[in-house]
Structures are given as structure tokens and as C-alpha cells.
Student: 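Below you'll find the structure I mean.
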Amino acid sequence: MKTHPLKGPNRLKLGVFSANADGGLAITDVPERWTAGWQDNLTAAQIADRAGLEFFLPIARWRGFGGKNRVREWSFETFTWAAALSAATDRIGLFMTVHVPLVHPLYAAKSLATVDHISQGRAGLNIVCGWNPKEFGMFGVPLVEKGYDQAAEWLEIVEKLYASDEPLDYAGTYYNLKEAVSRPASLQAPRPVTMNAAFGGPGRDFAAGHCDYLFTTFTEIAEAGKHVVDIGERAEKNGRKVGVYTVCHVVCRETQAEAEDYYTRYAVTMADHAAVDQHMAGKKEFSQSHDRDAYDRYRQRFAGGAGSYPLIGTPERIADEMIAIAEQGYSGIALSFVNYTQELPYFCDRVLPLLKKAGLRVA
């Protein structure tokens, strides 16, 4: 079994985010916008794999946010998506993103182990509890009031299924299992690496007690370290260490003016404004994923990359900002682009050597 890439030697881990969904993270109407076709997903994953990036991370969406392009309505289901990419790549970690209330832990255990075997130990699990009531309404399921309590029980079942040589009986608040078995167990023990994206207290407490990595957002790099400190303190209370990651959207060009002009073009002039409005309104009401003032101050960032931090500029400018993020204590960054197959090669060719020179990456 291979060592999972997120446990590899690079100080700053890098990955590709949201390529499985229409638009990626960008809510735009530019003609080159990402349409998330299968062949494009496969090509992007193989580009990232050859470049030595550590992970390919999908979002879990069941319905989109409207607008002209019905943004993110088209998305690939993440277990089957990761299984297919696992067979077509060699080194990169393949994550599955799962809404805990919508997927039974017994099914998840079997699916997750399947991908871990196909990939020879490169599977990863992104655990989310969900925030969009319209998506849950499609399943006839209400949003769970204490979703992270359910997630803790869910993950405990997965781990016990893998560890037990005997059929498992489990009587909990959310699940009752009788003589449950799940074979094969995952190659990784006690289960594949786990992550959770959380900004609010309950989510961070869950990650601190149960996950290997936590994704969080920030509005300015100078203030980003406070989140690392907060998560570190929560993890320490549980006798654990949790790596902290963030998400950024990227426009990398030869000149600063070229990058900024394109950012304005796709995220302001040609933003899908109806979809941006719907996305921001839903996030603001139901999700604890950003600082509250971010919705008023950074509309362009929501059109450009779901409210994540923008890396806009020359390779040197972007490398400097990534170095600054690492200096704030972050272990990794998930990256999105308007068009992954068109933009990822230039980013890898020009930015990765600068990060290596700075000592953040060895390969």
C-alpha cells in the first residue's frame, strides 16, 4: 500500500477542488467556463497527478443555484467519480465528499473501502453535514439540528465496521444496526484519511475530535492564523493534532494586469448574477462557512470562487501569497480555476518551482 499523499513530505500540500461540478467554484458566463464533462475531469486529474499535487477534492451537490447556466446542477456523484479516477491515476489522493444525513454509514463504508483498494490506499473522505434545505427536500429529509453529533456516530460506525471481525450490533441516537458487516475493510487503518470543512464551533469541534484535516476560509491572509490557533486549541483538548487547510481560487497570468483584467471579466462583468445572489443568500442563511461580513464586502469572491480567498496575479505574486498562507500555519490549499485543463498546466509549470525554491515543496 502506498503512503497517502496527504502524509507526504511537502510542507504545503496542494490539490484541485470542485472539478466534478459545473462551473467549478466560479459562477460565471464566460464561454470557457468549466462544464465538468467526464473527459475534462479525467484530463485535469491526470495533469494534477503528473505534477505531484496531493489531492483531487470534489464537492457534493444535488441541485444547483439557478441563473442562466443552472450552475452546479450538473455534478458527478463523488464515490463513483473517485473510483474511476483512482484507476486512471498513480499518485494523487482521491477524495469523496458525503452528506452524512443522506448516505447510510454501512453503504459509505463499503464504497469508501472499494475506492481505497482501487487506488491502493489513496482514498480520502470529506465529511459534510449539509446546509441547503432544498437539496435535503429532494430526498424528503429535513436538515438535522445537531448534524455533527450524527456525523460523529456515523464515523464511529464506519471505523467499527472496519475493525470488527464479528458482525456489528450498534444502538445509537441516529443509527441502529443489527449484525452489520462490511468487507473488505479499507487498506488505510483505522479508516482512510478524513477531512471536514467547517467555520462554526460545532463543526470545528467535530473535526478536532474525529478528523485528520479541517478546511476553513479567511478573508485576509494577515488574519488567517487565528483560525489555525483556534483549531489547534480545540484539537489539543482532544489529545489530537489536526492539519488546517484552506481554499483559494486562482487566476495566474504572465502579468498582474492581465490577471486582474480577467478576474474582473469573469467574476464581475460576466458573472452569473442571479446564481450569485441565490448562492450567497443560501449560504448566509443556512451555512456557517464564512465571516458574516464577507457576504457584503466580497461579492466578487463569491462569483469568482464561492467566497474563497483569491490568488490573482503573476506566478511570483501567487507564490508569495501561498508562502504567506503557509507561514500562517496552513498545511495545504485546495485550488479552483475557471477552466482547470486550460489553466492548471501553467500554474504547475510556473508556481510549483517557486514553492520548491521556498522550501515548501520537495518535488
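A quick note: this is a predicted structure, and the numbers were derived from the prediction, not measured.
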Student: Verify the cluster assignment for Leu94 and Val16: are they in a single hydrophobic cluster under the rule of side-chain heavy atoms below 4.5 Å apart?
Tutor: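 Yes; Val16 is reachable from Leu94 via cluster members.
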Student: So, for Asn176 and Ala171, which heavy atoms are closest and what is the spacing to 0.1 Å?
Tutor: OD1-CA, 3.3 Å
Student: Can you give me the closest heavy-atom contact between Ala26 and Val71, atom names plus distance?
Tutor: O-CG2, 4.1 Å
Student: For the pair Asp272 (side chain) and Ile27 (backbone), establish whether a donor and an acceptor sit closer than 3.5 Å, ignoring hydrogens and angles.
Tutor: no
Student: Run the ring-centre check on His249 versus Tyr263 and record whether the distance is less than 6.0 Å.
Tutor: yes
Student: Is a side-chain donor or acceptor of Arg11 paired with a backbone partner of Gly332 at a separation under 3.5 angstrom?
Tutor: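 Not at all, since once roles are kept as given, no pair shorter than 3.5 Å links the two residues.
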Student: Check Glu73 with Arg63, please: is the shortest side-chain N to carboxylate O separation under 4.0 Å?
Tutor: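 No salt bridge links Arg63 with Glu73.
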Student: Under a 4.5 Å side-chain heavy-atom rule over Ile, Leu, Val, Met, Phe, Trp and Tyr, are Phe95 and Leu187 clustered together?
Tutor: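 In one cluster with Phe95: Leu187, no.
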Student: Where the side chain of Ser164 meets the backbone of Leu161, is there a donor-acceptor pair that is under 3.5 Å apart?
Tutor: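 No; zero donor-acceptor contacts below 3.5 Å.
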Student: Taking the side chain as every heavy atom from C-beta outward, state whether Phe347 and Leu335 have any atom pair closer than 4.5 Å.
Tutor: yes
Student: Examine the side chains of Asp116 and Thr114 and answer whether a donor and an acceptor come within less than 3.5 Å of each other.
Tutor: no
Student: Taking Asn196 for the side chain and Ile127 for the main chain, is one N or O donor matched with an acceptor at less than 3.5 Å?
Tutor: yes
Student: Centres of the Phe218 and Tyr330 rings: under 6.0 Å?
Tutor: yes
Student: Roughly how far apart are Glu258 CD and Glu254 CD, rounded to 0.5 Å?
Tutor: 7.5 Å
Student: Consider only side-chain N and O atoms of Thr97 and Asn126, and report whether a donor and an acceptor are under 3.5 Å apart.
Tutor: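 Yes, Asn126 and Thr97 have a side-chain donor paired with an acceptor closer than 3.5 Å.
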Student: Can you name the closest pair of heavy atoms from Ala113 and Pro184 and give their distance?
Tutor: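 Ala113 and Pro184 have their closest heavy atoms at CB-O, 3.2 Å.
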Student: Going hydrophobic residue to hydrophobic residue with side-chain gaps under 4.5 angstrom, can you get from Phe55 over to Val247?
Tutor: yes
Student: Using the side chain to side chain contact (heavy atoms under 4.5 Å, CB included) criterion, which residues pair with Trp38? Sequence neighbours excluded.
Tutor: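 Here the qualifying residues are Asn41, Leu42, Phe76, Trp81, Ala84, Leu85.
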Student: Decide side-chain hydrogen bond (donor to acceptor under 3.5 Å, both in side chains) for Asn20 and Ser18; before the verdict, give the C-alpha distance in whole Å, the side-chain angles of both, and the deciding distance to 0.1 Å.
Tutor: CA-CA 5 Å; Asn20 70 308; Ser18 194; 4.8 Å; no
Student: Given 3.5 Å as the limit, does a donor-acceptor pair link the side chain of Ser86 with the main chain of Ala82, or not?
Tutor: yes
Student: Hydrogens and angles aside, do Tyr309 and Glu220 bring a side-chain donor and acceptor to less than 3.5 Å of each other?
Tutor: no
Student: List for me each residue that meets side chain to side chain contact (heavy atoms under 4.5 Å, CB included) alongside Glu233, sequence neighbours excluded, and say none if there are none.
Tutor: Val229
Student: Could you tell me which residues satisfy side chain to side chain contact (heavy atoms under 4.5 Å, CB included) with Glu179, sequence neighbours excluded, listed by chain and number?
Tutor: Pro167, Asp169
Student: For residues His273 and Arg299, determine if any side-chain heavy atom of one lies less than 4.5 Å from a side-chain heavy atom of the other.
Tutor: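 Touching, per the 4.5 Å side-chain cut-off.
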Student: Is the closest basic N to carboxylate O distance between Arg361 and Glu54 below 4.0 Å?
Tutor: yes
Student: Is there a side-chain contact (heavy atoms from CB on, under 4.5 Å) between Leu352 and Leu53? Walk through the geometry before answering.
Tutor: CA-CA 9 Å; Leu352 295 187; Leu53 301 191; 4.1 Å; yes
Student: Under 4.5 Å between any side-chain heavy atoms of Gln46 and Thr341, yes or no?
Tutor: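 Contact flag for Gln46/Thr341 side chains = no.
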Student: Check the hydrophobic clustering (I, L, V, M, F, W, Y; side-chain heavy atoms under 4.5 Å; chains of links allowed) and say if Ile157 and Tyr148 are grouped together.
Tutor: yes
Student: In sequence, state the C-alpha distance, the side-chain angles, and the governing distance for Tyr174 and Trp154, and then conclude on ring-ring contact (aromatic ring centres under 6.0 Å, His included).
Tutor: CA-CA 8 Å; Tyr174 299 94; Trp154 187 96; over 10 Å; no
Student: To the nearest 0.5 Å, tell me how far Leu12 CG sits from Ser331 OG.
Tutor: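 Between Leu12 CG and Ser331 OG, I get 8.0 Å after rounding to 0.5 Å.
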Student: Looking at Asp230 and Arg234, is any side-chain nitrogen of the basic one under 4.0 Å from a carboxylate oxygen of the acidic one?
Tutor: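 Counted as a salt bridge, because a side-chain N and a carboxylate O are separated by less than 4.0 Å.
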Student: Can Thr89 and Arg122 be said to form a side-chain hydrogen bond (donor to acceptor under 3.5 Å, both in side chains), step by step?
Tutor: CA-CA 10 Å; Thr89 53; Arg122 293 183 285 129; 3.0 Å; yes
Student: Give a yes or no answer on whether the side chain of Arg91 reaches the backbone of Arg50 with a donor-acceptor pair at less than 3.5 Å.
Tutor: yes
Student: Would you find more than 12 non-hydrogen atoms of other residues, nucleotides or ligands less than 6.0 Å from Lys110 atom NZ?
Tutor: yes
Student: side-chain contact (heavy atoms from CB on, under 4.5 Å) between Phe337 and Val251: does it pass, once the steps are laid out?
Tutor: CA-CA 7 Å; Phe337 301 83; Val251 178; over 6 Å; no
Student: Please name the pair of heavy atoms, one in Leu311 and one in Cys248, separated by the smallest distance, quoted to 0.1 Å.
Tutor: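 That would be CD1-CB, 3.7 Å.
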Student: Does any part of the side chain of Val193, heavy atoms only, come nearer than 4.5 Å to the side chain of Lys7, both counted from C-beta?
Tutor: yes
Student: Could you tell me which non-hydrogen atom of Leu112 sits nearest to which non-hydrogen atom of Gly124, and how far apart they are?
Tutor: CD1-O, 4.2 Å
Student: Is it the case that the side chains of Arg204 and Thr216 hold a donor-acceptor pair, with the cut-off being a distance below 3.5 Å and no angle test?
Tutor: yes
Student: Between Arg240 and Ala208, is there a donor-acceptor pair closer than 3.5 Å when you use the side chain of the first and the backbone of the second?
Tutor: yes
Student: Over all heavy atoms of both residues, which pair between Leu344 and Ala44 is shortest? Give the atoms and the distance, please.
Tutor: CD2-O, 3.9 Å
Student: Is a salt bridge present between Lys241 and Glu236, judged by a nitrogen-to-oxygen distance below 4.0 Å?
Tutor: no
Student: Atom CD1 of Ile47 and atom CD of Gln342: how far apart are they, to the nearest 0.5 Å?
Tutor: 10.0 Å
Student: Is the shortest side-chain heavy-atom distance between Asp165 and Arg183 below 4.5 Å?
Tutor: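 In contact.
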Student: Do Arg265 and Asp29 meet the salt-bridge criterion of a basic N to acidic O distance under 4.0 Å?
Tutor: no
Student: Looking at Asp22 and Arg70, is there a salt bridge between them, counting it only when a charged N and a carboxylate O are closer than 4.0 Å?
Tutor: no
Student: Can a donor-acceptor pair be found, under 3.5 Å and without considering hydrogens, that links the side chain of Glu343 to the backbone of Asn339?
Tutor: yes
Student: Checking Glu77 against Thr80: is there a side-chain donor and acceptor pair closer than 3.5 Å?
Tutor: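 Glu77 and Thr80 do have a side-chain donor-acceptor pair below 3.5 Å.
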Student: To the nearest 0.5 Å, what is the distance between CD1 (Ile318) and CD1 (Ile312)?
Tutor: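 Reported to 0.5 Å precision, the distance equals 6.5 Å.
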Student: Do Tyr245 and Ile333 land in one hydrophobic cluster if side-chain heavy atoms of ILVMFWY residues count as linked below 4.5 Å?
Tutor: no
Student: For Tyr346, does the OH atom have more than 12 heavy-atom neighbours from other residues, nucleotides or ligands under 6.0 Å away?
Tutor: yes
Student: Are any side-chain N or O atoms of Arg33 and backbone N or O atoms of Val338, one a donor and one an acceptor, separated by less than 3.5 Å?
Tutor: no
Student: Do Glu32 and Tyr266 get their side chains close enough for a donor-acceptor pair, meaning under 3.5 Å?
Tutor: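 Side chains of Glu32 and Tyr266: no pair found under 3.5 Å.
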Student: Tell me whether the rings of His99 and Trp62 are parallel (<30°), tilted (30 to 60°) or perpendicular (>60°).
Tutor: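 Judged by the thresholds at 30° and 60°, the geometry between His99 and Trp62 is tilted.
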Student: I'd like to know whether Val30 forms a side-chain contact (heavy atoms from CB on, under 4.5 Å) with Tyr262, so could you lay out the CA-CA distance, the side-chain angles of the two residues, the decisive distance to 0.1 Å, and finally the verdict.
Tutor: CA-CA 10 Å; Val30 293; Tyr262 184 69; 4.2 Å; yes
Student: Evaluate the side-chain contact (heavy atoms from CB on, under 4.5 Å) criterion for residues Asp212 and Arg191: first the C-alpha distance (whole Å), next the side-chain angles of each, then the deciding distance (0.1 Å), finally the verdict.
Tutor: CA-CA 11 Å; Asp212 302 305; Arg191 36 82 184 142; 2.7 Å; yes
